[in-house]
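Below, chains carry the letters A, B, ... as their sequence lines are ordered, and counting in each starts from 1.
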Amino acid sequence: MAILQRAQPRIRQVTTAHLTQTMSLLELSRAELNEWLNSSLASNPALEVVEPETCPSCHRPLYHSGLCPMCHPPKDEPIVFLSTPPSRRSSNEETDNLPEVAQPVTLADHLMGQIGPELNAEERSIAQYLLARLDDNGLMPEPPFESARFLHASPALVEKVLHAIQRCDPPGVGALSTVEALLIQIESLAENGSVPAGVREIIAGHLEELAHGEFANIAKSLHLNREAVEEAAHFIKVNLTPYPGRAFYGAGTSRSSSDPDLYREAEMTFRVQPNNPTGPLIVEVYAPLSGRVRVNPEFRQMVRTLTGAEREKWNEKVEEALLIDKCLRQSQNTLLRLASSLAEEQRAFILGTDRELRPLTRAELARRLEVHESTISRAVSNKRAALPNGRIVPIARFFDRSLSVRDMVRSIVSDESKALSDTEIVSLLDKQGVHIARRTVAKYRAMEGILPMSLRRAQHSQHAHGRATA
DNA sequence: CTATGGCACGGATT
DNA sequence: AATCCGTGCCATAG
(Lines give C-alpha, C1' and ligand atoms only; values in the text may rest on other atoms or scores of the structure.)
Protein backbone atom coordinates (compact mmCIF):
# COMPACT_ATOMS: atom_id res chain seq x y z
CA MET A 1 0.00 0.00 0.00
CA ALA A 2 1.36 3.37 -0.98
CA ILE A 3 2.33 5.17 2.15
CA LEU A 4 1.68 8.85 2.61
CA GLN A 5 5.29 9.51 3.42
CA ARG A 6 6.16 8.44 -0.08
CA ALA A 7 4.52 11.35 -1.87
CA GLN A 8 6.86 12.57 -4.56
CA PRO A 9 9.01 15.56 -3.75
CA ARG A 10 7.96 17.22 -6.97
CA ILE A 11 4.42 17.52 -5.75
CA ARG A 12 5.59 18.54 -2.35
CA GLN A 13 6.87 21.79 -3.77
CA VAL A 14 3.72 22.50 -5.64
CA THR A 15 1.45 22.79 -2.67
CA THR A 16 3.56 24.21 0.07
CA ALA A 17 0.93 25.69 2.30
CA HIS A 18 -1.58 22.91 2.23
CA LEU A 19 0.69 20.02 1.82
CA THR A 20 2.08 19.99 5.29
CA GLN A 21 -1.48 19.58 6.43
CA THR A 22 -2.26 17.12 3.74
CA MET A 23 0.51 14.91 4.92
CA SER A 24 -1.00 14.76 8.34
CA LEU A 25 -4.68 14.53 7.58
CA LEU A 26 -4.83 11.59 9.88
CA GLU A 27 -4.08 13.59 12.94
CA LEU A 28 -6.76 16.16 12.38
CA SER A 29 -9.82 16.01 14.52
CA ARG A 30 -13.22 15.93 12.95
CA ALA A 31 -13.69 19.66 13.22
CA GLU A 32 -10.23 20.43 11.94
CA LEU A 33 -10.60 18.14 8.99
CA ASN A 34 -13.86 19.78 8.19
CA GLU A 35 -12.37 23.19 8.28
CA TRP A 36 -9.38 22.15 6.23
CA LEU A 37 -11.54 20.58 3.57
CA ASN A 38 -13.81 23.58 3.36
CA SER A 39 -10.92 25.90 2.81
CA SER A 40 -9.41 23.57 0.24
CA LEU A 41 -12.67 23.42 -1.65
CA ALA A 42 -12.97 27.17 -1.52
CA SER A 43 -9.47 27.87 -2.70
CA ASN A 44 -9.10 25.22 -5.34
CA PRO A 45 -11.43 25.41 -8.33
CA ALA A 46 -10.13 22.11 -9.61
CA LEU A 47 -11.67 20.24 -6.71
CA GLU A 48 -15.22 19.09 -6.86
CA VAL A 49 -17.41 17.01 -4.66
CA VAL A 50 -19.22 14.11 -6.24
CA GLU A 51 -22.23 12.49 -4.75
CA PRO A 52 -21.63 9.00 -3.52
CA GLU A 53 -23.44 6.01 -4.87
CA THR A 54 -25.97 4.92 -2.36
CA CYS A 55 -27.04 1.53 -1.24
CA PRO A 56 -30.29 0.69 -3.02
CA SER A 57 -31.98 -0.63 0.07
CA CYS A 58 -30.85 1.60 2.92
CA HIS A 59 -29.70 4.62 0.89
CA ARG A 60 -26.53 4.83 2.87
CA PRO A 61 -23.66 6.30 0.86
CA LEU A 62 -21.21 3.75 -0.43
CA TYR A 63 -17.66 4.90 -0.10
CA HIS A 64 -16.05 1.85 -1.57
CA SER A 65 -17.17 -0.02 -4.55
CA GLY A 66 -18.78 -3.11 -3.14
CA LEU A 67 -21.61 -4.07 -0.91
CA CYS A 68 -23.21 -1.89 1.70
CA PRO A 69 -21.74 -2.96 5.01
CA MET A 70 -25.03 -2.49 6.80
CA CYS A 71 -27.20 -4.43 4.42
CA HIS A 72 -24.59 -7.07 3.73
CA PRO A 73 -22.70 -7.29 6.97
CA PRO A 74 -19.48 -9.28 6.92
CA LYS A 75 -19.76 -12.46 8.89
CA ASP A 76 -17.01 -12.20 11.45
CA GLU A 77 -15.37 -8.87 11.04
CA PRO A 78 -16.78 -5.71 12.56
CA ILE A 79 -19.15 -3.76 10.34
CA VAL A 80 -17.36 -0.54 9.53
CA PHE A 81 -18.59 2.33 7.45
CA LEU A 82 -17.99 5.99 6.86
CA SER A 83 -20.75 8.40 7.61
CA THR A 84 -21.35 12.12 7.53
CA PRO A 85 -22.80 14.22 10.31
CA PRO A 86 -26.44 15.12 9.61
CA SER A 87 -25.76 18.78 8.93
CA ARG A 88 -23.50 17.95 6.04
CA ARG A 89 -25.43 15.14 4.49
CA SER A 90 -26.03 15.65 0.84
CA SER A 91 -29.53 14.43 0.11
CA ASN A 92 -32.10 13.45 2.65
CA GLU A 93 -30.54 10.22 3.66
CA GLU A 94 -32.99 8.51 5.92
CA THR A 95 -32.09 8.69 9.55
CA ASP A 96 -30.61 5.41 10.53
CA ASN A 97 -32.21 2.73 12.53
CA LEU A 98 -29.05 2.53 14.57
CA PRO A 99 -29.19 2.41 18.32
CA GLU A 100 -28.81 5.82 19.86
CA VAL A 101 -25.51 6.73 21.39
CA ALA A 102 -25.43 9.89 23.38
CA GLN A 103 -23.79 12.68 21.41
CA PRO A 104 -23.43 15.46 23.90
CA VAL A 105 -23.01 19.08 23.00
CA THR A 106 -19.43 20.23 23.13
CA LEU A 107 -18.37 22.44 25.96
CA ALA A 108 -17.58 25.18 23.46
CA ASP A 109 -21.10 25.01 22.02
CA HIS A 110 -22.60 25.10 25.44
CA LEU A 111 -20.67 28.23 26.34
CA MET A 112 -21.27 29.94 23.02
CA GLY A 113 -24.95 29.37 23.53
CA GLN A 114 -24.76 31.31 26.75
CA ILE A 115 -22.63 34.25 25.72
CA GLY A 116 -23.37 34.38 22.02
CA PRO A 117 -26.46 36.60 22.25
CA GLU A 118 -24.71 39.38 24.13
CA LEU A 119 -21.79 39.65 21.76
CA ASN A 120 -21.29 41.55 18.56
CA ALA A 121 -19.62 40.00 15.55
CA GLU A 122 -16.06 40.83 16.48
CA GLU A 123 -16.50 39.69 20.05
CA ARG A 124 -18.05 36.53 18.84
CA SER A 125 -15.11 35.62 16.70
CA ILE A 126 -12.83 36.29 19.63
CA ALA A 127 -15.02 34.08 21.76
CA GLN A 128 -14.82 31.37 19.15
CA TYR A 129 -11.07 31.44 19.26
CA LEU A 130 -10.93 31.49 23.04
CA LEU A 131 -13.37 28.62 23.38
CA ALA A 132 -11.33 26.56 20.99
CA ARG A 133 -8.29 27.13 23.12
CA LEU A 134 -9.85 25.85 26.34
CA ASP A 135 -8.08 22.74 27.50
CA ASP A 136 -9.67 19.50 28.56
CA ASN A 137 -10.37 20.79 32.00
CA GLY A 138 -12.06 23.92 30.79
CA LEU A 139 -9.13 26.12 31.72
CA MET A 140 -7.53 28.75 29.52
CA PRO A 141 -3.90 27.90 28.97
CA GLU A 142 -2.90 31.18 27.35
CA PRO A 143 -3.02 34.66 28.86
CA PRO A 144 -5.40 37.14 27.21
CA PHE A 145 -2.64 39.36 25.85
CA GLU A 146 -1.24 36.47 23.86
CA SER A 147 -4.62 35.64 22.43
CA ALA A 148 -4.98 39.28 21.60
CA ARG A 149 -1.70 39.30 19.75
CA PHE A 150 -2.68 36.24 17.78
CA LEU A 151 -6.08 37.67 16.94
CA HIS A 152 -4.81 41.17 16.25
CA ALA A 153 -7.48 42.37 18.61
CA SER A 154 -7.31 44.76 21.51
CA PRO A 155 -6.29 43.09 24.76
CA ALA A 156 -9.04 44.87 26.60
CA LEU A 157 -11.66 43.44 24.31
CA VAL A 158 -10.24 39.94 24.62
CA GLU A 159 -10.31 40.25 28.36
CA LYS A 160 -13.87 41.42 28.29
CA VAL A 161 -14.90 38.37 26.29
CA LEU A 162 -12.91 36.09 28.54
CA HIS A 163 -14.66 37.50 31.57
CA ALA A 164 -17.98 36.86 29.91
CA ILE A 165 -16.95 33.26 29.44
CA GLN A 166 -15.90 33.01 33.04
CA ARG A 167 -19.37 33.98 34.19
CA CYS A 168 -20.89 31.05 32.33
CA ASP A 169 -22.43 27.90 33.54
CA PRO A 170 -19.83 25.40 34.52
CA PRO A 171 -18.47 27.80 37.14
CA GLY A 172 -14.75 28.27 36.76
CA VAL A 173 -14.46 27.70 33.02
CA GLY A 174 -12.14 30.01 31.25
CA ALA A 175 -10.06 30.59 34.34
CA LEU A 176 -6.36 30.97 33.75
CA SER A 177 -5.35 28.66 36.55
CA THR A 178 -6.75 26.07 38.86
CA VAL A 179 -6.69 28.53 41.73
CA GLU A 180 -8.58 31.11 39.76
CA ALA A 181 -11.13 28.52 38.71
CA LEU A 182 -11.77 27.60 42.32
CA LEU A 183 -12.09 31.21 43.35
CA ILE A 184 -14.62 31.86 40.63
CA GLN A 185 -16.60 28.87 41.80
CA ILE A 186 -16.59 30.24 45.31
CA GLU A 187 -17.95 33.56 44.11
CA SER A 188 -20.70 31.80 42.28
CA LEU A 189 -21.57 29.75 45.33
CA ALA A 190 -21.43 32.77 47.57
CA GLU A 191 -24.20 34.39 45.60
CA ASN A 192 -26.62 31.74 46.71
CA GLY A 193 -25.44 30.56 50.05
CA SER A 194 -22.73 31.01 52.58
CA VAL A 195 -19.17 29.85 52.25
CA PRO A 196 -17.41 28.61 55.36
CA ALA A 197 -14.68 30.76 56.82
CA GLY A 198 -11.21 30.13 55.56
CA VAL A 199 -12.21 28.56 52.27
CA ARG A 200 -11.02 31.47 50.18
CA GLU A 201 -7.77 31.75 52.07
CA ILE A 202 -7.04 28.07 51.76
CA ILE A 203 -7.61 28.15 48.03
CA ALA A 204 -5.55 31.25 47.56
CA GLY A 205 -2.55 30.19 49.54
CA HIS A 206 -2.65 26.67 50.90
CA LEU A 207 -3.75 24.33 48.16
CA GLU A 208 -0.56 22.31 48.30
CA GLU A 209 -0.96 21.68 51.98
CA LEU A 210 -4.59 20.83 51.53
CA ALA A 211 -3.72 18.21 48.95
CA HIS A 212 -1.36 16.65 51.43
CA GLY A 213 -3.90 16.71 54.22
CA GLU A 214 -1.77 19.01 56.33
CA PHE A 215 -4.68 20.50 58.22
CA ALA A 216 -2.62 21.43 61.24
CA ASN A 217 -0.28 23.64 59.23
CA ILE A 218 -3.13 25.42 57.56
CA ALA A 219 -4.93 26.00 60.82
CA LYS A 220 -1.83 27.51 62.29
CA SER A 221 -1.07 29.96 59.53
CA LEU A 222 -4.66 31.08 59.17
CA HIS A 223 -5.29 31.27 62.89
CA LEU A 224 -8.23 28.95 62.72
CA ASN A 225 -8.94 25.89 64.74
CA ARG A 226 -8.55 22.52 63.19
CA GLU A 227 -12.26 21.85 63.00
CA ALA A 228 -12.84 24.95 60.96
CA VAL A 229 -10.14 23.90 58.55
CA GLU A 230 -11.61 20.45 58.20
CA GLU A 231 -15.00 21.91 57.58
CA ALA A 232 -13.56 24.16 54.93
CA ALA A 233 -11.72 21.24 53.37
CA HIS A 234 -14.90 19.24 53.28
CA PHE A 235 -16.71 22.11 51.66
CA ILE A 236 -14.03 22.40 49.03
CA LYS A 237 -14.07 18.73 48.30
CA VAL A 238 -17.80 18.53 47.89
CA ASN A 239 -18.58 21.80 46.16
CA LEU A 240 -15.55 22.77 44.13
CA THR A 241 -13.62 21.17 41.33
CA PRO A 242 -10.26 22.04 39.85
CA TYR A 243 -11.58 20.74 36.54
CA PRO A 244 -14.56 22.96 35.76
CA GLY A 245 -14.86 21.69 32.21
CA ARG A 246 -15.50 18.17 33.36
CA ALA A 247 -18.43 18.60 35.60
CA PHE A 248 -21.49 20.51 36.59
CA TYR A 249 -23.78 20.62 33.63
CA GLY A 250 -25.51 17.96 31.62
CA ALA A 251 -26.01 15.18 34.09
CA GLY A 252 -24.63 12.40 31.97
CA THR A 253 -23.58 9.00 33.17
CA SER A 254 -22.25 8.74 36.66
CA ARG A 255 -18.74 8.50 35.32
CA SER A 256 -19.03 11.57 33.20
CA SER A 257 -17.94 14.06 35.79
CA SER A 258 -14.38 12.87 35.49
CA ASP A 259 -14.30 12.56 31.75
CA PRO A 260 -13.08 15.67 29.98
CA ASP A 261 -13.64 14.28 26.54
CA LEU A 262 -17.31 13.90 27.04
CA TYR A 263 -17.99 17.25 25.49
CA ARG A 264 -15.96 16.82 22.38
CA GLU A 265 -17.14 15.35 19.14
CA ALA A 266 -16.27 11.74 18.58
CA GLU A 267 -14.66 10.72 15.30
CA MET A 268 -16.08 7.24 15.48
CA THR A 269 -18.93 5.51 17.22
CA PHE A 270 -18.97 1.90 18.32
CA ARG A 271 -22.30 0.11 18.59
CA VAL A 272 -23.71 -3.32 19.09
CA GLN A 273 -26.07 -4.74 16.52
CA PRO A 274 -29.57 -4.27 17.92
CA ASN A 275 -30.79 -7.65 16.77
CA ASN A 276 -27.54 -9.51 17.22
CA PRO A 277 -25.85 -8.37 20.42
CA THR A 278 -23.25 -11.09 20.35
CA GLY A 279 -22.29 -10.52 16.75
CA PRO A 280 -19.56 -8.25 15.44
CA LEU A 281 -19.69 -4.59 16.41
CA ILE A 282 -20.84 -1.78 14.18
CA VAL A 283 -18.41 1.08 13.79
CA GLU A 284 -19.40 4.39 12.30
CA VAL A 285 -16.45 6.52 11.26
CA TYR A 286 -17.24 10.15 10.57
CA ALA A 287 -16.11 11.72 7.32
CA PRO A 288 -16.13 15.42 6.54
CA LEU A 289 -18.42 15.02 3.59
CA SER A 290 -20.83 12.64 2.11
CA GLY A 291 -19.45 11.46 -1.18
CA ARG A 292 -15.91 12.14 -2.19
CA VAL A 293 -13.75 14.73 -3.88
CA ARG A 294 -12.12 14.49 -7.26
CA VAL A 295 -10.60 16.69 -9.89
CA ASN A 296 -13.27 18.31 -11.95
CA PRO A 297 -12.80 16.81 -15.44
CA GLU A 298 -14.00 19.93 -17.19
CA PHE A 299 -11.53 22.01 -15.30
CA ARG A 300 -8.77 19.69 -16.28
CA GLN A 301 -9.88 19.87 -19.89
CA MET A 302 -9.86 23.61 -19.69
CA VAL A 303 -6.32 23.68 -18.33
CA ARG A 304 -5.12 21.68 -21.31
CA THR A 305 -6.15 24.49 -23.62
CA LEU A 306 -4.04 27.03 -21.78
CA THR A 307 -0.40 27.82 -22.38
CA GLY A 308 2.58 29.29 -20.61
CA ALA A 309 2.32 30.78 -17.14
CA GLU A 310 -1.43 30.51 -17.06
CA ARG A 311 -1.21 26.84 -17.68
CA GLU A 312 1.45 26.38 -15.03
CA LYS A 313 -0.66 28.20 -12.51
CA TRP A 314 -3.78 26.15 -12.96
CA ASN A 315 -1.90 22.96 -13.34
CA GLU A 316 -0.65 23.43 -9.84
CA LYS A 317 -4.22 23.46 -8.70
CA VAL A 318 -4.93 20.24 -10.52
CA GLU A 319 -1.93 18.57 -8.97
CA GLU A 320 -2.96 19.81 -5.59
CA ALA A 321 -6.46 18.52 -6.06
CA LEU A 322 -5.17 15.12 -7.06
CA LEU A 323 -3.05 15.01 -3.98
CA ILE A 324 -5.88 16.04 -1.74
CA ASP A 325 -8.10 13.38 -3.17
CA LYS A 326 -5.46 10.75 -2.75
CA CYS A 327 -4.55 11.70 0.79
CA LEU A 328 -8.17 11.91 1.82
CA ARG A 329 -8.87 8.42 0.58
CA GLN A 330 -5.68 7.16 2.07
CA SER A 331 -6.36 8.58 5.50
CA GLN A 332 -9.95 7.44 5.51
CA ASN A 333 -8.90 4.00 4.52
CA THR A 334 -6.43 3.73 7.38
CA LEU A 335 -8.96 5.14 9.77
CA LEU A 336 -11.49 2.51 8.73
CA ARG A 337 -9.02 -0.29 9.10
CA LEU A 338 -7.90 1.05 12.43
CA ALA A 339 -11.49 1.22 13.61
CA SER A 340 -12.08 -2.30 12.50
CA SER A 341 -9.05 -3.62 14.32
CA LEU A 342 -9.98 -1.82 17.48
CA ALA A 343 -13.50 -3.16 17.37
CA GLU A 344 -12.16 -6.64 17.02
CA GLU A 345 -9.28 -6.42 19.43
CA GLN A 346 -10.90 -4.45 22.22
CA ARG A 347 -14.44 -5.69 21.97
CA ALA A 348 -14.61 -6.53 25.64
CA PHE A 349 -13.42 -3.10 26.62
CA ILE A 350 -15.84 -1.36 24.29
CA LEU A 351 -18.79 -3.28 25.66
CA GLY A 352 -17.63 -3.63 29.20
CA THR A 353 -15.33 -1.87 31.57
CA ASP A 354 -11.88 -0.41 31.72
CA ARG A 355 -10.70 -3.58 33.30
CA GLU A 356 -11.19 -5.52 30.13
CA LEU A 357 -8.87 -3.38 28.09
CA ARG A 358 -6.26 -5.59 26.51
CA PRO A 359 -2.71 -4.33 26.42
CA LEU A 360 -2.08 -3.34 22.84
CA THR A 361 0.72 -1.19 21.51
CA ARG A 362 0.60 1.09 18.53
CA ALA A 363 3.57 -0.73 17.11
CA GLU A 364 1.77 -4.04 17.23
CA LEU A 365 -1.25 -2.66 15.44
CA ALA A 366 0.96 -0.95 12.90
CA ARG A 367 2.53 -4.29 12.03
CA ARG A 368 -0.83 -5.86 11.67
CA LEU A 369 -2.21 -3.13 9.42
CA GLU A 370 1.08 -2.89 7.56
CA VAL A 371 1.46 0.83 8.06
CA HIS A 372 4.19 2.82 9.69
CA GLU A 373 3.79 3.11 13.42
CA SER A 374 3.86 6.87 13.26
CA THR A 375 0.77 6.55 11.09
CA ILE A 376 -1.04 4.86 13.92
CA SER A 377 0.20 7.44 16.36
CA ARG A 378 -1.16 10.23 14.22
CA ALA A 379 -4.45 8.50 13.64
CA VAL A 380 -4.91 7.90 17.31
CA SER A 381 -3.89 11.22 18.76
CA ASN A 382 -6.43 13.95 19.13
CA LYS A 383 -9.37 11.70 18.37
CA ARG A 384 -12.22 10.33 20.37
CA ALA A 385 -14.59 7.40 20.14
CA ALA A 386 -18.14 7.11 21.39
CA LEU A 387 -18.85 3.80 23.10
CA PRO A 388 -22.20 2.02 23.32
CA ASN A 389 -22.65 3.12 26.91
CA GLY A 390 -22.54 6.74 25.84
CA ARG A 391 -19.06 7.48 27.02
CA ILE A 392 -16.71 9.37 24.76
CA VAL A 393 -13.10 8.41 25.27
CA PRO A 394 -9.85 9.37 23.62
CA ILE A 395 -8.86 6.71 21.15
CA ALA A 396 -5.42 6.72 22.70
CA ARG A 397 -7.07 5.01 25.64
CA PHE A 398 -7.33 1.86 23.60
CA PHE A 399 -3.58 1.68 23.97
CA ASP A 400 -3.32 2.50 27.65
CA ARG A 401 -1.08 -0.07 29.22
CA SER A 402 -2.16 0.44 32.76
CA LEU A 403 -5.83 1.31 32.54
CA SER A 404 -7.08 -2.14 33.42
CA VAL A 405 -4.82 -2.42 36.44
CA ARG A 406 -5.77 1.04 37.60
CA ASP A 407 -9.37 -0.04 37.39
CA MET A 408 -8.59 -3.03 39.56
CA VAL A 409 -6.90 -0.80 42.08
CA ARG A 410 -9.91 1.44 42.08
CA SER A 411 -12.26 -1.40 42.82
CA ILE A 412 -10.00 -2.91 45.46
CA VAL A 413 -10.01 0.36 47.29
CA SER A 414 -13.71 0.94 46.93
CA ASP A 415 -14.45 -2.54 48.26
CA GLU A 416 -12.04 -2.32 51.14
CA SER A 417 -13.38 -2.24 54.64
CA LYS A 418 -10.21 -1.44 56.48
CA ALA A 419 -8.08 0.98 54.40
CA LEU A 420 -5.36 -1.03 52.72
CA SER A 421 -1.76 -0.01 52.31
CA ASP A 422 -0.08 0.00 48.93
CA THR A 423 1.87 -3.11 49.88
CA GLU A 424 -1.33 -4.92 50.73
CA ILE A 425 -2.82 -3.86 47.43
CA VAL A 426 0.22 -5.30 45.70
CA SER A 427 -0.38 -8.71 47.19
CA LEU A 428 -4.09 -8.61 46.37
CA LEU A 429 -3.21 -7.85 42.78
CA ASP A 430 -0.67 -10.64 42.84
CA LYS A 431 -3.46 -13.06 43.65
CA GLN A 432 -5.35 -11.83 40.63
CA GLY A 433 -2.34 -12.50 38.47
CA VAL A 434 -1.10 -8.95 38.16
CA HIS A 435 2.46 -8.47 39.28
CA ILE A 436 3.57 -4.91 39.78
CA ALA A 437 5.77 -3.05 42.22
CA ARG A 438 4.54 -1.29 45.29
CA ARG A 439 5.78 2.01 43.94
CA THR A 440 3.66 1.51 40.88
CA VAL A 441 0.52 0.99 42.92
CA ALA A 442 1.26 4.30 44.56
CA LYS A 443 1.44 5.96 41.17
CA TYR A 444 -1.78 4.39 39.98
CA ARG A 445 -3.47 5.49 43.15
CA ALA A 446 -2.36 9.03 42.50
CA MET A 447 -3.57 8.85 38.90
CA GLU A 448 -6.98 7.75 40.09
CA GLY A 449 -7.04 10.47 42.67
CA ILE A 450 -7.18 8.00 45.55
CA LEU A 451 -5.78 9.31 48.78
CA PRO A 452 -3.15 7.38 50.75
CA MET A 453 -4.31 4.87 53.30
CA SER A 454 -3.91 7.15 56.29
CA LEU A 455 -6.20 9.77 54.81
CA ARG A 456 -8.76 7.34 53.51
CA ARG A 457 -10.59 6.01 56.59
CA ALA A 458 -13.18 8.71 57.07
CA GLN A 459 -16.01 9.35 54.66
CA HIS A 460 -16.82 6.55 52.29
CA SER A 461 -20.11 7.36 50.64
CA GLN A 462 -18.77 10.63 49.30
CA HIS A 463 -18.94 10.74 45.55
CA ALA A 464 -16.45 13.50 44.95
CA HIS A 465 -12.92 12.42 44.19
CA GLY A 466 -10.45 14.64 45.92
CA ARG A 467 -7.52 15.69 43.81
CA ALA A 468 -6.11 19.11 43.87
CA THR A 469 -2.57 19.18 42.59
CA ALA A 470 -1.79 20.64 39.21
C1' DC B 1 9.27 0.46 61.89
C1' DT B 2 5.75 1.23 58.20
C1' DA B 3 3.70 3.90 54.53
C1' DT B 4 4.40 7.00 51.09
C1' DG B 5 6.18 10.51 47.93
C1' DG B 6 10.28 12.53 45.27
C1' DC B 7 13.91 11.75 42.21
C1' DA B 8 16.20 9.58 38.81
C1' DC B 9 17.43 5.67 35.87
C1' DG B 10 16.80 2.42 32.01
C1' DG B 11 14.06 0.45 28.88
C1' DA B 12 10.09 0.67 26.04
C1' DT B 13 7.15 3.50 23.22
C1' DT B 14 6.07 7.11 20.11
C1' DA C 1 15.43 11.83 19.31
C1' DA C 2 12.04 12.76 22.68
C1' DT C 3 8.85 11.14 25.85
C1' DC C 4 6.57 7.99 28.80
C1' DC C 5 6.42 4.40 32.24
C1' DG C 6 7.59 1.13 35.81
C1' DT C 7 10.73 0.70 39.32
C1' DG C 8 14.36 1.05 42.95
C1' DC C 9 16.40 3.87 46.36
C1' DC C 10 16.19 7.17 49.85
C1' DA C 11 14.19 10.75 52.83
C1' DT C 12 10.48 11.97 55.65
C1' DA C 13 6.27 11.72 58.46
C1' DG C 14 3.58 9.43 61.63
N/O-N/O pairs, protein side and nucleotides 12-14 of chain C side, under 3.5 Å:
none

Exercise. Do A:Arg200 and A:Glu187 meet the salt-bridge criterion of a basic N to acidic O distance under 4.0 Å?
Worked result: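 Salt bridge present between A:Glu187 and A:Arg200.
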
Atom of [X], atom of [Y] and distance for their closest heavy-atom approach:
{"X": "A:Val426", "Y": "A:Arg438", "value": "CG2-CA, 3.4 Å"}
{"X": "A:Phe399", "Y": "A:Leu342", "value": "CZ-CD2, 4.1 Å"}
{"X": "A:Val295", "Y": "A:Ala321", "value": "CG2-CB, 3.7 Å"}
{"X": "A:Ser331", "Y": "A:Leu26", "value": "O-CD2, 3.6 Å"}
{"X": "A:Ser177", "Y": "A:Glu180", "value": "OG-N, 3.1 Å"}

For this session: Classify the nucleic acid contact of A:Ser402 as base, sugar-phosphate or nothing, counting any heavy atom under 4.0 Å across all strands shown.
Result: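 Sugar-phosphate: the residue A:Ser402, judged by heavy atoms under 4.0 Å, touches backbone atoms but no base.
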
Exercise. What nucleic acid atoms does A:Ile436 come within less than 4.0 Å of, heavy atoms only: base, sugar-phosphate, or nothing?
Worked result: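 Since only primed, P, OP1 and OP2 atoms lie under 4.0 Å of A:Ile436, the category is sugar-phosphate.
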
For this session: Could you check whether the rings of A:Phe398 and A:Phe270 sit parallel, tilted or perpendicular, using 30° and 60° as the cut-offs?
Result: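 It falls in the tilted class, 30° to 60°.
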
For this session: With rounding to the nearest 0.5 Å, note down the distance linking CG in A:Leu47 to CD1 in A:Ile324.
Result: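 Reported to 0.5 Å precision, the distance equals 4.5 Å.
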
Problem set entry | Approximate separation, where rounding is to 0.5 Å, of A:Leu429 CG and A:Tyr444 OH |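 Answer rounded to 0.5 Å: 9.5 Å.
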
Between the protein and nucleotides 10-14 of chain B, list every N/O to N/O distance that falls short of 3.5 Å.
{"residue": "B:dT14", "atom": "OP1", "partner": "A:Arg362", "partner atom": "NH1", "Å": "2.5"}
{"residue": "B:dT14", "atom": "O3'", "partner": "A:Ser377", "partner atom": "OG", "Å": "3.3"}

For this session: Would you please confirm or rule out a distance under 4.0 Å between OP1 or OP2 of C:dC5 and any side-chain N or O of A:Tyr444?
Result: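 For C:dC5, neither OP1 nor OP2 has a side-chain N or O of A:Tyr444 closer than 4.0 Å.
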
Exercise. Hey, which of A:Met408, A:Arg410, A:Arg406 is the one that makes side-chain contact (heavy atoms from CB on, under 4.5 Å) with A:Arg355?
Worked result: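 Result: among A:Met408, A:Arg410, A:Arg406, A:Met408 is the only option passing the side-chain contact (heavy atoms from CB on, under 4.5 Å) with A:Arg355.
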
What's touching nucleotides 3-7 of chain B from the protein side, N or O pairs under 3.5 Å?
{"residue": "B:dT4", "atom": "OP1", "partner": "A:Met453", "partner atom": "N", "Å": "2.9"}
{"residue": "B:dT4", "atom": "OP2", "partner": "A:Asp422", "partner atom": "N", "Å": "2.8"}
{"residue": "B:dG5", "atom": "OP2", "partner": "A:Arg445", "partner atom": "NH2", "Å": "2.7"}
{"residue": "B:dG5", "atom": "N7", "partner": "A:Arg438", "partner atom": "NH2", "Å": "3.2"}
{"residue": "B:dG6", "atom": "N7", "partner": "A:Arg439", "partner atom": "NH2", "Å": "2.7"}
{"residue": "B:dG6", "atom": "O6", "partner": "A:Arg439", "partner atom": "NE", "Å": "2.5"}

